[in-house]
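Note sheet for the following structure.
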Protein chains: 2
Amino acid sequence: MQTRSLETLVRIEQVQSFSKAAELQNMTLSALSMQMKSLETQLDVQLFDRSFRPPKLTPLGRSIAAQAARVLNEQNALTGLCGRDRELVGRFRLGLISSVSVRLLPKFLSRIRQDAPRASFELTTGLSEDLSEQVLQGVIDAAVMTSAPSPPEGLRFDAIAREEMAFAAPRQYAATAIEDLARHLPFIHFRPSTGIGNLIADHVRCHTNKPRETIILDNLEASMEFVKAGLGYTLLPLPDVQRCSDDRVHIFAGNGNPMHRELALVSRQDSSHGRWIQAIHKTFQNVAAE
Amino acid sequence: MQTRSLETLVRIEQVQSFSKAAELQNMTLSALSMQMKSLETQLDVQLFDRSFRPPKLTPLGRSIAAQAARVLNEQNALTGLCGRDRELVGRFRLGLISSVSVRLLPKFLSRIRQDAPRASFELTTGLSEDLSEQVLQGVIDAAVMTSAPSPPEGLRFDAIAREEMAFAAPRQYAATAIEDLARHLPFIHFRPSTGIGNLIADHVRCHTNKPRETIILDNLEASMEFVKAGLGYTLLPLPDVQRCSDDRVHIFAGNGNPMHRELALVSRQDSSHGRWIQAIHKTFQNVAAE
DNA sequence: GGATTTATTCAATTCAATCGAATAAAAATG
DNA sequence: CATTTTTATTCGATTGAATTGAATAAATCC
């Protein structure tokens with residue numbers, strides 16, 4: 001169905017005249033007449049009572065005109081979505097690693113809701129590997145995760161923020177050198193399969209003093225609870241450590257070589273980069289910098 | 001805009017495949033592809049990410065598809081109005097004289113709401129003359145009124161019910177002959193310009209004993225209140241007299257020649273009688289007969 | 001009742017949608 | 001990783017629907 005004829009119909013109802021309506025719709029009177037006639041055949045309905053010279057809408061015609069206005073309303077909403085493409089519009093599917101979802105996401109959402117009220121989001125949390133795969137498969141549009149050392153084929157990384165890594169140990173070990181900690185305490189290992197996990201695994205590997213015992217957890221908050229209870233020490237992004245610390249926790253930077261992770265927005269290399277990635281990226285950068 | 005391409009779009013979203021969608025929409029794959037391409041140019045928007053082989057909707061594409069579904073919803077509601085034309089559908093504009101609006105209308109509306117739930121009504125009350133004119137002008141579609149002795153040009157009358165006229169006088173005059181009433185009591189005259197008014201005016205004219213005094217009222221209930229208060233006698237449709245009576249009122253039929261009025265549904269002679277008049281007429285007949 | 005406004009009809013034209021075949025591109029396969 | 005298969009795009013030809021302008025018809029105005 002041609003919505004143009006619906007426009008014509010509601011216009012006719014407005015002005016109660018075919019000829020005026022034709023003018024306003026920028027068409028010939030004859031075209032308009034034909035259009036209404038074909039609309040009547042299409043719907044198999046009599047819209048007008050033509051025994052009046054400006055034909056009058058029939059009762060059914062009025063009902064249909066009213067409904068046509070509703071159709072056009074929705075249609076306007078549709079074209080409205082396409083309006084100015086400087087604005088971010090659409091339903092985006094984002095993936096997030098859990099630490100980001102806790103720390104950055106709330107700020108991100110409130111910020112973006114201001115800047116781009118017509119954008120909406122479907123959010124998933126997951127591990128970096130899974131998220132990468134989902135971006136690659138087109139299941140999600142982009143993901144925020146730790147940037148991998150070897151950038152996977154077909155993916156594009158846009159840096160969001162650099163986060164220092166820090167050790168967190170029970171306060172009574174404040175004086176102990178990092179190298180010796182492993183002899184006294186179990187290392188609490190944040191799930192190694194994730195992006196951040198790889199960084200941590202490096203620490204474990206490179207260290208001459210292998211930790212006596214390793215506890216593997218997939219939950220950042222839980223790791224910190226273990227530390228607070230004096231059950232082990234851990235290595236995590238500094239902002240997360242700070243967020244979860246209290247006076248039972250001693251924080252130290254890494255020894256010598258400073259460790260850090262790089263948060264990045266991951267998207268498909270060849271994806272039609274309709275500037276939306278840039279917008280989302282920018283927003284994440286801003287909220288991370290706050 | 002062609003709503004067909006919107007259908008295609010939502011179908012594609014459903015099945016996540018151009019070729020399956022093409023089958024389901026009964027079109028060639030190439031046609032479908034072209035259609036989406038032209039939709040993209042029309043809206044000036046990228047709906048699909050074509051770096052996937054079954055092209056994937058972009059975030060904006062998803063938003064637009066969702067909105068397209070809303071447009072189609074309204075469109076279906078529209079074609080739904082045109083469905084089976086045995087059913088009475090539409091927004092009808094009816095005129096009614098006041099006595100009808102009080103007595104018949106409530107029953108009519110509840111009846112028609114059962115029989116034709118998709119019909120709606122705009123109601124006006126007015127005097128017979130005005131209503132006739134409005135029907136003629138197409139301001140309203142039909143009116144229920146007293147049928148005139150001389151049927152006006154271009155109008156069609158369909159009889160609904162015959163109503164006897166009756167006198168109502170204060171009870172203390174129960175024994176008085178109608179001819180003598182006029183000498184003792186003022187005649188309460190229901191507004192003569194209306195259809196029913198003409199009937200009453202006839203009574204006044206034909207009578208040898210002109211009423212001593214005449215009170216003109218445009219309200220049926222008010223007339224009856226005057227009678228109850230013993231301030232006059234009146235001539236009105238029997239159903240209305242009965243409806244408004246109590247024990248202070250004495251009702252008598254007219255003398256000799258029985259008077260009555262004929263209620264009718266008035267519509268334009270040449271109006272496209274799309275059976276809706278018959279339906280409305282029938283319903284009015286039924287509720288009047290109850 | 002004739003003039004005027006207003007809508008309809010008709011044939012010609014224009015434009016957009018569709019098709020089928022060939023081509024190109026991504027995904028699946030071994 | 002090359003091959004095969006699936007899937008979408010492109011192209012030129014065709015079809016059909018929408019539009020136009022001029023002529024006609026119908027209702028309204030005076």
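A note on names: the letters A, B, ... follow the listed sequences, proteins ahead of strands, and every chain is numbered from 1.
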Given dT9(C), is OP1 or OP2 found less than 4.0 Å from the side-chain N or O atoms of K37(A)?
yes

Can you list, by residue number, the residues of residues 7-17 of chain B that have a non-hydrogen atom closer than 4.0 angstrom to DNA chain D?
S17(B)

How long is the line joining CZ of F18(A) and C1' of dA26(D), in whole Å?
13 Å

Heavy-atom side-chain contact between V15(B) and E23(B) under 4.5 Å
no

Can you tell me the distance, in whole Å, between the CG atom of L29(B) and the P atom of dA25(C)?
16 Å

Heteroatom pairs (N/O) under 3.5 angstrom, protein to nucleotides 23-25 of chain D:
none

Listed once per pair and sorted, the ring-ring contact (aromatic ring centres under 6.0 Å, His included) pairs that draw on residues 53-74 of chain B, sequence neighbours left out:
none

Could you state the CG-P distance from L39(A) to dA7(C), rounded to the nearest angstrom?
17 Å

Output the rounded distance in Å from CG (D49(B)) to P (dA25(C)).
16 Å

Indicate whether any N or O donor in one side chain lies under 3.5 Å from an N or O acceptor in the other, for S17(A) and S19(A).
yes

E40(B) vs Q46(B), test: side-chain hydrogen bond (donor to acceptor under 3.5 Å, both in side chains). Steps then yes/no.
CA-CA 6 Å; E40(B) 283 180 315; Q46(B) 188 160 16; 5.4 Å; no

Parallel, tilted or perpendicular, as decided by the 30° and 60° cut-offs, for the rings of F284(B) and F108(B):
parallel

Tell me whether the OP1 or OP2 atom of dT9(D) has a side-chain N or O from R50(B) closer than 4.0 Å.
yes

Donor-acceptor check, side chain of R62(A) to backbone of G90(B), threshold 3.5 angstrom: yes or no?
no

How many angstroms lie between atom CD of Q35(A) and atom CE of M27(A), to the nearest 0.5 angstrom?
4.0 Å

Output the rounded distance in Å from CD (E23(A)) to P (dT20(D)).
13 Å

Euclidean distance, atom CG of residue L47(B) to atom C1' of dA8(D) [Å, nearest integer]
16 Å

Audit row: N73(B), E74(A), side chain to side chain contact (heavy atoms under 4.5 Å, CB included) steps and yes/no:
CA-CA 9 Å; N73(B) 237 30; E74(A) 294 297 348; over 6 Å; no

Listed by chain and number, what are the salt bridge (charged side-chain N to carboxylate O under 4.0 Å, His left out) partners of E122(A), not counting sequence neighbours?
R91(A)

Name all residues meeting the salt bridge (charged side-chain N to carboxylate O under 4.0 Å, His left out) criterion together with R118(B); count only those two or more places apart in sequence or in a different chain, and write none if there are none.
E87(B)

Dump the intermediate steps for side chain to side chain contact (heavy atoms under 4.5 Å, CB included) on Q75(B) and T3(A), then the final yes or no.
CA-CA 9 Å; Q75(B) 197 212 39; T3(A) 57; 6.0 Å; no

Identify all pairs in which a protein N or O lies below 3.5 Å from an N or O of nucleotides 16-18 of chain C, and state each distance.
unit_1	atom_1	unit_2	atom_2	d
dT18(C)	OP1	R4(B)	NH1	2.6
dT18(C)	OP2	Q35(B)	NE2	3.3

Nearest-Å distance, NZ (K56(B)) to P (dT7(D))?
13 Å

